[in-house]
Number of protein chains: 2
Amino acid sequence: MEHSRIALAHPADATPGGDRASASSAYWYPDGHTPSAVDVLNLLRRYRTAETAMRARTRSSMHMNETDLLALRHLLRAQQRGDLVRQRDLSTLLDISSASVTALVDRLEQSGHVERRPHPSDRRSVVVVPTADTDREVRHTLGDMHQRMIAVVDGMTGEQLVAVGTFLAGMVEAVEESSTPPTRSAQTR
Amino acid sequence: MEHSRIALAHPADATPGGDRASASSAYWYPDGHTPSAVDVLNLLRRYRTAETAMRARTRSSMHMNETDLLALRHLLRAQQRGDLVRQRDLSTLLDISSASVTALVDRLEQSGHVERRPHPSDRRSVVVVPTADTDREVRHTLGDMHQRMIAVVDGMTGEQLVAVGTFLAGMVEAVEESSTPPTRSAQTR
DNA sequence: GGCGAGTTGCTAGGTTGGCTAGCAACCATG
DNA sequence: CATGGTTGCTAGCCAACCTAGCAACTCGCC
């Protein structure tokens with residue numbers, strides 16, 4: 001069983017400086033100095049790593065692969081909103097072929113996570129709905145984490161929230177590469 | 001060719017409120033109000049989506065899968081630091097079997113991205129090194145993005161950086177779920 | 001009304017990238 | 001120097017994606 005363990009907590013995303021900065025809410029940088037730009041970006045990468053590991057854990061605890069889980073999340077959100085989801089929708093959302101969606105829904109149906117229902121107005125289509133158990137399961141698995149995340153943000157001042165928002169928006173922009181003029185709007189997409 | 005396109009810019013990560021908030025650096029929330037906790041978390045999710053899409057783009061532009069790219073990044077970082085990387089190391093880092101690493105290195109060697117070298121002191125081991133071309137390629141592909149990211153962070157005040165750092169550290173903690181006492185250290189791991 | 005083009009989800013068969021098992025070469029320790 | 005652990009390889013398996021092609025259905029247009 002060389003493998004089994006899935007995603008260690010820290011896949012050694014080691015950086016030159018090591019990854020100290022033990023994740024405490026208030027004092028995340030050891031010395032009292034203002035964090036440098038690089039520190040912050042490292043921390044962002046660290047978050048990404050942690051999140052990936054978390055997903056692996058969830059996936060494993062639900063005996064499910066990434067795509068299936070993504071589909072499930074979308075189904076739950078759509079259900080909450082009262083939207084119908086056809087297989088076609090999953091295909092475009094997940095960017096996989098219709099054949100793969102058939103297989104995917106087969107798996108989820110097999111495991112009792114979703115049900116196929118006839119579409120009310122289009123007899124070609126199949127509507128996919130999550131079961132009540134699925135909702136409970138996901139809520140239970142991810143609910144605590146969401147609580148903690150909200151708690152962190154709730155504990156911040158308005159000014160701090162603006163800073164974080166600005167930062168995240170900047171990261172999105174940087175990553176989306178479109179390199180639009182800094183005047184807002186006008187995205188190519 | 002139903003597929004080809006990979007990762008649209010916005011895989012419709014639609015949220016109840018829609019995902020307006022066009023990604024401008026300074027004014028990322030439309031009204032002048034302080035962003036709510038949920039706004040910020042939505043933005044974080046949005047970043048995650050954008051980053052995933054970016055990875056898909058990179059992967060496709062380099063004709064490579066996620067694992068291979070991860071391996072490559074690690075190899076480049078190790079090289080910069082002057083460290084040797086054995087296949088075994090990749091195995092533990094990526095959490096895949098030694099057999100899969102053999103296949104992985106085969107692929108990367110085939111495509112000219114890495115070379116196998118004998119280990120200086122252990123004749124069982126194989127040292128994997130990235131080629132100069134690879135370094136150039138990655139630098140070219142990701143360099144601009146890094147510049148933009150650094151620029152964003154550089155443009156922030158010390159106070160703002162602290163806010164962002166606190167936020168990210170909090171997110172890491174929330175996601176790692178260990179639910180350690182808020183006094184730092186003592187991680188289970 | 002009916003006919004042709006487009007859409008939806010299914011089946012069939014191929015490819016990729018993981019896996020386990022087992023092995024030869026090598027290291028290291030008593 | 002023998003014996004047990006480590007490293008990377010081969011062989012064979014499997015999950016989850018793909019493309020191609022099809023039957024059932026919808027819809028727009030005569």
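Letters go in sequence order (proteins before strands), and every chain restarts at 1. Note that the coordinates shown come from a computational prediction; the quantities given were computed from them, not determined experimentally.
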Please name all residues satisfying side-chain hydrogen bond (donor to acceptor under 3.5 Å, both in side chains) with Asp133(B), sequence neighbours left out, ordered by chain then number.
-> Arg136(B)
CD of Glu66(A) versus P of dG18(C): gap in Å, rounded?
-> 15 Å
Could you check how far CD1 of Ile96(B) sits from P of dT20(C), rounded to whole Å?
-> 11 Å
Can you check nucleotides 15-17 of chain C for protein contacts, nitrogen or oxygen pairs under 3.5 Å, and list what you find?
residue, atom, partner, partner atom, Å
dG17(C), OP1, Asn65(B), ND2, 3.1
dG17(C), O5', Asn65(B), ND2, 3.4

All side-chain hydrogen bond (donor to acceptor under 3.5 Å, both in side chains) counterparts of Asp135(A), not counting sequence neighbours | Arg139(A)
Could you give the CG-to-C1' distance, from Leu108(A) to dA15(D), as a whole number of Å?
-> 14 Å
Applied to residues 160-171 of chain B, the salt bridge (Lys or Arg N to Asp or Glu O under 4.0 Å) test, sequence neighbours excluded, yields none
With sequence neighbours left out, the residues meeting side-chain hydrogen bond (donor to acceptor under 3.5 Å, both in side chains) with Thr131(A) are Thr134(A)
Please state how far atom CZ in Arg123(B) lies from atom C1' in dA28(C), giving the value in whole angstrom units.
-> 14 Å
Can you list every salt bridge (Lys or Arg N to Asp or Glu O under 4.0 Å) pair that touches residues 97-108 of chain B, not counting sequence neighbours?
-> Asp68(B)-Arg107(B), Asp106(B)-Arg116(B)
Check which hydrophobic residues are tied to Val129(B) through side-chain heavy-atom contacts below 4.5 Å, counting indirect links as well, and list them.
-> Leu84(B), Val127(B)
Starting at CD of Gln110(A) and ending at P of dA16(D), how long is that distance when rounded to a whole Å?
-> 12 Å
Interatomic distance, His119(B) NE2 vs dA25(C) C1' [rounded to whole Å] | 16 Å
Roughly how many Å is it from CG in Leu90(A) to P in dA16(D), rounded to a whole number?
-> 16 Å
Out of curiosity, Leu104(B) CG to Asn65(B) CG, how far, rounded to the nearest 0.5 Å?
-> 7.0 Å
Could I get the full list of side-chain hydrogen bond (donor to acceptor under 3.5 Å, both in side chains) partners for Ser111(B), not counting sequence neighbours?
-> His113(B)
Using a 4.0 Å cut-off on protein heavy atoms (strictly under), produce a 5'-to-3' string for nucleotides 4-11 of chain C with B for base contact, S for backbone-only sugar-phosphate contact, and - for none.
-> --BBSBBB
